[in-house]
Number of protein chains: 2
Amino acid sequence: MQPTIRPAEQFDVRRGNLSVALRRLREAGPRSRARLAEETGLTKATVSVLVADLVQRGLLREVGPPENRGSGRPAVDYELHDRVYGIGAEVSVDYLSVTVLDLRGEVRARKRVGYDVPRAEREATLDALSQLVRETTSEVPGRPAGLTLAAPGNVNPGTGRVDYAPLIGWYDAPVAAPLADRLVDQLGDAALRVEVENDVKLAAIAEHALGAAAGTADLAYLSGEMGVGAGVIAAGRLVRGTRGHAGEIGHLPLNPAPAPCACGRTGCWETMVGLGALLSLAADPDDPVHDPQRDLEERLAVIVQRARAGDRRTLSTLEQVATGLGLGASVLINMMNPAVLVLGGYFAVLGDYLLDGVRREIADRVVAADADGCRVELSRLGFDAAALGGAYAALDRVFTDPTVVPI
Amino acid sequence: MQPTIRPAEQFDVRRGNLSVALRRLREAGPRSRARLAEETGLTKATVSVLVADLVQRGLLREVGPPENRGSGRPAVDYELHDRVYGIGAEVSVDYLSVTVLDLRGEVRARKRVGYDVPRAEREATLDALSQLVRETTSEVPGRPAGLTLAAPGNVNPGTGRVDYAPLIGWYDAPVAAPLADRLVDQLGDAALRVEVENDVKLAAIAEHALGAAAGTADLAYLSGEMGVGAGVIAAGRLVRGTRGHAGEIGHLPLNPAPAPCACGRTGCWETMVGLGALLSLAADPDDPVHDPQRDLEERLAVIVQRARAGDRRTLSTLEQVATGLGLGASVLINMMNPAVLVLGGYFAVLGDYLLDGVRREIADRVVAADADGCRVELSRLGFDAAALGGAYAALDRVFTDPTVVPI
DNA sequence: GCAGTTTGTTGACCCGTTGAACTATCTAGG
DNA sequence: CCTAGATAGTTCAACGGGTCAACAAACTGC
């Protein structure tokens, strides 16, 4: 139950304080060493040493020229360097995408390509993906701190494997190592660490770090796709479960109607609020919104348009989905007591039409009064949230332990 | 999201290594300094210093006389001292209880008294409780490291308050501070820290530390009482939620029949598997098992007896409850991916008759194959699990940071 | 150009771990 | 009985890292 039983040494102190300085600069923006000392509680002497170390590692740089502030010696401010970046990649049902995020939290490059090769051909997919990574990073000067691949399905980050991802046809598949092998040549950096994680969990990390729930230690994220997945961050840490499979919320047996689910069971929550449920409630089978050839965002735009035009069937469908969504959301809130619930995926796209109903249902269903103070927010990160979270996670290693970047 | 931004100092290294040594002795039992050095990776020199420090704090003692092992200088073994203990206290619907656990993990004293004073009289209850603490600890030589009070309902350990506990009539009630005030005189120890926590969460801690799930980093605990509560430990940490209210699982809307629940809603999971549901399914209203005057354990013993005798109604009730229990348990497993699910409270008492049904339903309902490897176990800690977990939690502070005990 | 103010550096000191040499205490075997 | 070998534990110089206080550097304002 305790963290690993490993002796502490002097160097851990240094490591920790490097991290303190770096994180302070991330949170509070560029500032002088004197100010950093005051704010972190470290002495000026120590901060000078730490900052020099971080500069040598390429994580910090002087922001010149020195600035006068009224009286006294002008301060030299330091800021996070933009030449170290994290890479987030995503394999999805019908596209591959890569996002590059620098230390300062700015997206430096973003690419997305349609990809329709049969997914069972994993080697080919990994080839295409590493190709896309190379293209995307070639535009960005600097060096990568790591890469996280987002995959839809059950992922075990501990083993670097995708355990079960029917959408892309990957079953018990080693992924982190093969991808790392491909990229070692391309990026030629021993520091590059490759990890795999579930897409919804990474989106939750993105919301936690950069999105609607920034600054909150306890949040839940719900993503509406064909299925529904959850990502939970509790006390600032992602809840993974023993095999990394936590968050399988789509098959909660909540539907009183025994609607058949893709999983073979009936009455799963997905049959109330999954994309399939929404579409079949909202439109007859021959309606173009069902056409799987058309882009999903376009099809959703049609729904939004109809709702805006006051179409009764669309509005009543959205009302119904909102109620179902609130029902499942209340389960999450009762069990995890998050400070914020973020709705992502297609829920965010249709959010304006869902939010009232969701909030109403949550208020009814959450046991503690006033929904236990849980805010409900829409994701504003778009469909690249998972890749963004992956890039952030890769960078986070650096913030936790700046010494992973060699001098 | 990162842990508190606090600079690290030399002393943190010492603190961490004291903790490493102490925890190793807890895990692996008495041993010599040389062996400790070998096993922890610390040098013999450091271990000698650390052990001397821990002895001075009263946390360790020599286990004499020195033992010869074949050849070489005989080793002096050290062991955890039994003169430092943690106190767990519990306020329940109809009793107060106190458990005293020493550093070595041995229960040194245990008291439980029926208590029927109207619970709204919080002052009187706290008086009675502190009286019971004094009585219980008076039998145990040594000094307390802390006390954790278990309460049924929503507890916010951060504020030391019980937010909502209808069973005992405490609403938005400050508890930790008033109890600490009472005990400062009685125990006369400035080191005594008093905290409050939800009873089911503390029982989960007990299972994690000393019970059926010992050694597992990810576990879920389900307690069957009048209601049903859950406690989840993820990656070795208790999931509390932003206000400490996590684990409200009793009101999952899982019951297809719209049975009325005490919370005012219908169809809550409690209406399928709560004690009330079990009893009303198992026996007519005039059956003595319904008599609230009789001791709960006795009434459950009657049920067990009938089941053992092959009573059809009892057996079919248990089958039905088992299925309902498995249904809700599968929600927990899908969402949290624990390595172990522990059933406590009345579920454990009737466990022999529930386990098969629960496991069957879980196998059906958990999305990942083979229930995702989640073991289902019965608690063996009995009804004092919460107090035991409280005592353990109080002690855990010492293991995490031995310097909280002054020299 | 000097007082006042703020930034940053320097060096003595303290704390804590390391590593190697050394001491202590046993058994086994001649 | 004595010595070699083995294992336990201590001592001490060295080193890394943070602190504190003094001081140097570089500005403004009068």
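Labels below follow one simple rule: chain letters A, B, ... track the order of the sequence lines, proteins then strands, and each chain is numbered from 1. As the structure is a computational prediction, the values presented were derived from the model and not from experiment.
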B:R61/B:D82 ion pair, N-O < 4.0 Å:
yes

Please classify the nucleic acid contact of B:A34 as base, sugar-phosphate, or nothing, using heavy-atom distances under 4.0 Å.
sugar-phosphate

Any donor-acceptor pair, under 3.5 Å, between the side chain of A:Q10 and the base of D:dG16, if you only look at N and O atoms?
yes

Is the phosphate of D:dT19, meaning OP1 or OP2, less than 4.0 Å from a side-chain N or O of A:T46?
yes

Which of these, B:R26, B:R23, B:R193, sits in a salt bridge (charged side-chain N to carboxylate O under 4.0 Å, His left out) with B:D396?
B:R26

Taking OP1 and OP2 of C:dG8, is either one under 4.0 Å from a side-chain nitrogen or oxygen of A:S48?
no

How many angstroms lie between atom CZ of B:R24 and atom CD of B:E39, to the nearest 0.5 angstrom?
4.0 Å

Please tell me if B:R14 has a side-chain N or O lying less than 4.0 Å from either OP1 or OP2 of C:dC15.
no

Is A:T43 close enough to D:dG18 that one of its side-chain N or O atoms is under 4.0 Å from OP1 or OP2 there?
no

Name the residue closer to the 5' end of DNA chain C, choosing between A:R73 and B:P74 according to the nucleotide with the nearest heavy atom.
A:R73

How would you label the contact of A:E9 with the nucleic acid (heavy atoms, under 4.0 Å): base, sugar-phosphate, or nothing?
nothing

Closer to the 5' end of DNA chain D via nearest nucleotide, is it A:V49 or A:G72?
A:V49

Nearest to the side chain of B:A75, heavy atoms from C-beta on, is which of D:dA8, C:dG8, C:dT17?
D:dA8

Taking 4.0 Å as the cut-off, does a side-chain nitrogen or oxygen of B:R33 come that near to OP1 or OP2 on D:dG9?
yes

Nearest-nucleotide 5' precedence on DNA chain C, A:R35 against B:N17
A:R35

For the pair made of CG in B:L50 and P in C:dC15, what is the distance, rounded to whole Å?
16 Å

Look at all strands and tell whether B:V76 reaches a base, only sugar-phosphate, or nothing, counting heavy atoms closer than 4.0 Å.
sugar-phosphate

Any side-chain N or O of B:S32 under 4.0 Å from OP1/OP2 of D:dT7?
no

Winner on side-chain proximity to B:S71, out of D:dT11, C:dT6, D:dG5, is D:dG5

Any donor and acceptor pair, going by atom type alone, linking the side chain of A:E207 with main-chain N or O of A:A212 inside 3.5 Å?
yes

